[in-house]
Protein chains: 2
Amino acid sequence: MGRPPKFGRRDIAGAALRLVAARGPAAATMSAIAQELGAPTGSIYHRFASRELLLAELWMEVVESFQGELATSLAEARDIDGAARAVRRMLGWVRAHPIEARLLLLHRREDFVPGDWPDALVERAAALEPQMGSALRRFCKRALGDAGEPSLARARFALLDAPIGGVKRYVQAGKQPPPMLDELLERTLRAVLGPAQRGAR
Amino acid sequence: MGRPPKFGRRDIAGAALRLVAARGPAAATMSAIAQELGAPTGSIYHRFASRELLLAELWMEVVESFQGELATSLAEARDIDGAARAVRRMLGWVRAHPIEARLLLLHRREDFVPGDWPDALVERAAALEPQMGSALRRFCKRALGDAGEPSLARARFALLDAPIGGVKRYVQAGKQPPPMLDELLERTLRAVLGPAQRGAR
DNA sequence: GTCGTTCTAGAATACATATTCTAATACGAC
DNA sequence: GTCGTATTAGAATATGTATTCTAGAACGAC
């Protein structure tokens with residue numbers, strides 16, 4: 001019953017994603033999204049109560065995809081080699097999702113959701129922080145035998161900050177991260193998390 | 001002659017900087033800046049022709065400060081130890097300029113200057129890219145004996161991307177980067193740029 | 001003191017954007 | 001075919017922001 005939808009949530013979110021990737025969140029105005037989609041602005045409001053909700057959901061989906069994969073592969077990592085695999089998989093995600101990577105790595109949450117999360121998403125948002133945090137903590141305990149703050153900080157740097165910092169340049173340039181980056185990040189990982197002086201034979 | 005100024009360019013830029021650091025570039029509206037300063041909006045236009053010009057100049061100044069210091073200390077680096085010193089100095093800059101660091105590291109140029117640079121600043125802007133680029137290239141030649149793209153990519157990662165990625169977390173949190181970060185970044189540097197298997201000994 | 005000039009003050013304007021509203025449509029159920 | 005309804009369509013509205021404009025104020029020169 002009722003007229004069949006011509007523009008679904010998926011389509012709308014997709015149009016917004018393309019705009020964000022190409023010209024940043026500020027460019028994703030309701031009229032720009034509508035135009036990108038060939039729809040009137042009114043139709044968008046049949047699917048999303050507000051622009052904020054639309055962008056918030058878009059952001060959330062991308063973060064969940066990225067972080068979900070990373071947390072999963074980190075949960076499987078039982079040692080440094082496993083961690084190296086997790087980093088490689090993160091790069092794999094970026095290579096496989098260049099558009100989403102631009103949204104995620106080139107912009108901040110605040111540019112999508114200024115202030116607090118809309119009520120409809122607080123629960124999903126609340127699940128995000130602990131997921132990554134506990135994945136890291138467990139990994140530290142398991143692979144390094146210690147989940148104290150110093151170890152945690154090391155792991156955060158080697159598994160998150162350095163990889164993200166390293167890959168951002170390529171995402172920004174619209175290029176695929178080169179294979180060499182995998183190697184650089186693995187070296188970094190071993191230098192930071194590896195046994196202190198294993199090199200001495 | 002003429003009425004003495006009550007609000008100078010310096011004051012205005014300072015107010016804008018505080019707003020950007022605290023709530024992002026979008027929050028630095030002309031009225032917000034005026035309010036932060038206790039001035040009417042009109043006065044701002046006596047100093048800056050437009051909001052775009054104001055923000056562009058602010059951004060430019062911070063980038064010049066940051067990059068100038070980095071390029072200088074990189075120019076002095078004659079080997080890996082020198083590079084490590086340069087990285088430490090970069091962290092020093094961040095520690096000494098926490099507000100400016102927030103502007104620089106937490107936001108993108110596009111959030112300040114959408115599109116091309118205003119005419120008044122194209123020259124200054126044009127000088128920025130080559131400065132860093134040639135500093136890196138010279139360093140590679142001098143310290144690594146090779147300025148090919150692979151070496152350059154390594155140096156960019158070890159000297160720019162990894163440090164920036166690592167420090168951003170603390171800047172975001174409004175905290176000083178801990179001393180441990182210096183150590184992590186130095187390890188990274190040596191792992192990425194150092195002689196391949198020096199460890200065997 | 002008067003004049004010329006540089007500035008403060010803040011109201012008025014122009015414009016862009018999110019959101020709402022009213023009407024028209026296209027389909028399934030009957 | 002008629003009815004009910006979810007949807008398209010796009011004009012109308014409300015709000016926020018950059019910018020401009022008009023007065024008036026404060027100083028130095030003379």
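All chains are named by letter (A, B, ...) in the order of the sequence lines, taking the proteins before the strands, and each is independently numbered beginning at 1.
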Q. Are A/Arg154 and B/Glu183 within salt-bridge range, i.e. N to O under 4.0 Å?
A. yes
query: Do the charged groups of A/Arg190 and A/Asp81 touch, with an N to O distance under 4.0 Å?
result: yes
Interatomic distance where [atom1] belongs to [X] and [atom2] belongs to [N] [whole Å]:
| X | N | atom1 | atom2 | result |
| --- | --- | --- | --- | --- |
| B/His46 | C/dT5 | NE2 | P | 15 Å |
| B/Leu37 | C/dC7 | CG | P | 15 Å |
| B/Arg9 | C/dT6 | CZ | P | 16 Å |
| A/Arg3 | C/dA26 | CZ | C1' | 5 Å |

Per the under-4.0 Å heavy-atom filter, residues of residues 109-121 of chain B near DNA chain D come out as none
Salt bridge (Lys or Arg N to Asp or Glu O under 4.0 Å) against [X], all qualifying residues, sequence neighbours excluded:
| X | value |
| --- | --- |
| A/Asp161 | B/Arg169 |
| B/Asp79 | none |
| A/Glu69 | A/Arg89 |

Atom pairs under 3.5 Å, N or O on each side, protein against nucleotides 15-18 of chain C: can you list them with distances?
unit_1 : atom_1 : unit_2  : atom_2 : d
C/dA18 : OP1    : A/Arg51 : NE     : 2.9
C/dA18 : OP2    : A/Met30 : N      : 2.8

- B/Arg102 and B/Gln172: side-chain donor and acceptor closer than 3.5 Å? no
- Query: Counting heavy atoms not belonging to B/Gln35, are there more than 12 under 6.0 Å from its CD?
  - Reply: no
Nearest-nucleotide check on DNA chain D, B/Pro4 vs B/Ala49; residue mapping nearer the 5' end is B/Ala49
Span of DNA chain D engaged by chain A, first through last nucleotide within the 4.0 Å heavy-atom cut-off, is D/dG4 to D/dA11
Do the numbers put A/Arg9 on top of the ring of A/Phe48, so that NZ or CZ is under 6.0 Å from the six-membered ring centre and no more than 45° off the axis? yes
Closest non-hydrogen contact found for B/Ala15 with B/Leu37 is CB-CD1, 4.1 Å
- Query: Does any N or O in the side chain of A/Thr72 come within less than 3.5 Å of the main-chain N or O of A/Gly68, such that one atom is a donor and the other an acceptor?
  - Reply: yes
Interatomic distance, CH2@B/Trp117 vs CD@B/Glu123, rounded to 0.5 Å, equals 13.5 Å
